[in-house]
Protein chains: 2
Amino acid sequence: MTEPRWLDEREERAWRGYRRMRRLLDLELARELAQDAGLSEPDYDVLSDLSETPGQRLRLSELADRMLWSRSRLSHHLGRMQQRGLVTREECTDDGRGSVVALTPAGRQAIEAAAPGHVAAVRRHLIDLLSPEEVTALGTLTHRVVDQLAGSRRPPNAAATDPTPEG
Amino acid sequence: MTEPRWLDEREERAWRGYRRMRRLLDLELARELAQDAGLSEPDYDVLSDLSETPGQRLRLSELADRMLWSRSRLSHHLGRMQQRGLVTREECTDDGRGSVVALTPAGRQAIEAAAPGHVAAVRRHLIDLLSPEEVTALGTLTHRVVDQLAGSRRPPNAAATDPTPEG
DNA sequence: ACAGGCTGGTTGACATGTCACCTACCGTAG
DNA sequence: CTACGGTAGGTGACATGTCAACCAGCCTGT
């Protein structure tokens with residue numbers, strides 16, 4: 001029970017700023033996306049990931065891993081998107097258990113209509129407010145944090161030979 | 001319909017990194033907080049904000065504004081926290097419509113028990129991974145983005161004399 | 001072949017957040 | 001005082017996400 005190292009003023013500022021930015025940026029991007037394209041951010045992410053994949057189709061587990069979603073969440077969400085005609089499920093030929101999500105023409109149309117506006121919003125509210133050095137620094141710093149977290153993460157099926165054996 | 005300026009490689013890296021960090025950091029911090037203190041992040045934020053306020057009590061609208069929450073969300077969430085004995089509602093003497101949330105002893109105990117571990121987690125997964133320059137840069141950059149968003153935000157009751165009249 | 005464990009995906013119950021609407025109260029104009 | 005518009009907060013229906021089972025198909029050892 002050593003006395004914790006609290007955040008100093010500089011650190012506090014960064015942490016609060018990060019959280020506030022996170023919240024406001026999220027609200028605004030979601031608002032514009034919903035208004036302009038009728039999509040939620042999760043919708044957009046799914047469609048975007050699919051549209052960038054050759055064949056516009058992915059195994060569910062592959063998609064879930066990329067998006068860092070639980071399988072359950074993905075399954076529920078795809079059900080809703082399927083209702084709206086944005087994606088379809090197909091059988092997986094390799095693996096009888098699996099299935100594959102594919103972009104429908106409507107889904108492709110939706111993402112193509114939404115993308116320019118969304119990118120513009122990302123620029124307007126974030127990227128274009130930063131200097132080139134800041135953009136680079138943000139990329140560097142976030143990737144470092146991500147690598148650290150991804151490394152120490154305990155995915156359900158990780159091997160037991162882990163460098164940090166339950167600190 | 002001018003051709004959109006897509007993100008270049010550097011910008012793309014920053015944007016993806018940001019989103020991935022956002023997600024992973026969130027998952028991990030929430031996981032640790034739930035495990036170690038039995039609190040969700042929203043719980044923590046409410047308790048933390050209250051505990052830093054002289055008198056440990058706040059008007060609901062004040063708290064909602066600080067946290068950037070809708071009043072509805074706050075009302076629902078406080079109901080749940082009240083059930084668990086972390087906060088209480090009191091009448092507001094100034095304003096017959098209003099009410100005030102106050103920290104209970106249990107609530108104070110909960111936040112005091114949770115804070116050291118949470119700060120340590122924030123350090124371990126974010127702050128301590130950054131150089132002092134990066135921390136400063138993060139503070140600067142996030143605050144710039146926040147100010148921009150807050151400025152252009154259209155709060156329900158904003159005046160119509162806005163510098164950006166719906167581009 | 002087939003038992004047993006693992007993986008991919010789904011489902012239902014529940015927790016959480018959002019939206020539209022409601023009521024009570026404030027403040028001001030007449 | 002009374003009417004009226006605006007604000008504070010609460011409520012219920014619904015959308016979304018989580019968690020814990022669950023089923024089906026794969027895989028390996030015998």
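Chain identifiers are assigned alphabetically (A, B, ...) following the order of the sequence lines, protein sequences preceding nucleic acid strands; residue numbering begins at 1 within each chain.
Nucleic acid contact class of B/His76 (heavy atoms, under 4.0 Å, all strands): base. Within the nucleic acid shown, B/Ser75 comes within 4.0 Å of at least one base atom, counting heavy atoms only. Across all strands shown, A/Ser72 has heavy atoms under 4.0 Å from base atoms, whether or not it also approaches the sugar-phosphate.
Checking the phosphate oxygens (OP1, OP2) of D/dG17, a side-chain nitrogen or oxygen of A/His77 falls inside 4.0 Å. OP1 or OP2 of D/dG9 sits under 4.0 Å from a side-chain N or O of B/Ser61. Within the structure, a side-chain polar atom (N or O) of A/Arg89 is placed less than 4.0 Å from OP1 or OP2 of C/dT10. Dashed line: the shortest gap from a side-chain N or O of A/Arg59 to OP1 or OP2 of C/dG9 is under 4.0 Å.
For the residue pair B/Glu32/B/His125, the side-chain donor-acceptor check at 3.5 Å is satisfied. In summary, the side chains of A/Arg73 and A/His76 do not present any donor paired with an acceptor at a separation below 3.5 Å, with no hydrogens or angles considered. Side chain to side chain, B/Ser40 and B/Asp43 meet the donor-acceptor criterion of an N or O pair below 3.5 Å.
Between the side chain of A/Arg97 and the base of C/dT7, at least one donor-acceptor pair of N or O atoms lies under 3.5 Å.
The B/Arg73 side chain lies nearest to C/dT18 when the options are C/dT18, D/dG9, C/dG8. Candidate nucleotides C/dG9, D/dG9, C/dC26 were compared by shortest atom distance to the side chain of B/Asp95, and C/dC26 ranks first.
One can place CH2 of A/Trp69 at 14 Å from P of C/dT10, the figure rounded to the nearest angstrom. Spacing between atom CG of A/Asp94 and atom C1' of C/dG8 amounts to 13 Å, rounded to whole angstrom units. One can place CZ of A/Arg31 at 15 Å from C1' of C/dT18, the figure rounded to the nearest angstrom. Distance A/Leu78 CG to D/dG17 C1': 14 Å, rounded to the nearest Å.
For the pair A/Arg84 and B/Arg71, both in contact range of DNA chain D, the more 5′-proximal nearest nucleotide belongs to B/Arg71. Nearest-nucleotide assignment on DNA chain C puts the 5′-proximal partner with A/Val100, out of B/Arg80 and A/Val100.
In this structure, CG in A/Asp26 is found 4.5 Å from CD in A/Glu41, a value given to the nearest 0.5 Å.
A donor-acceptor pair is defined here as one N or O able to donate and one able to accept, closer than 3.5 Å; such a pair exists between the side chain of A/Glu11 and the backbone of A/Asp8.
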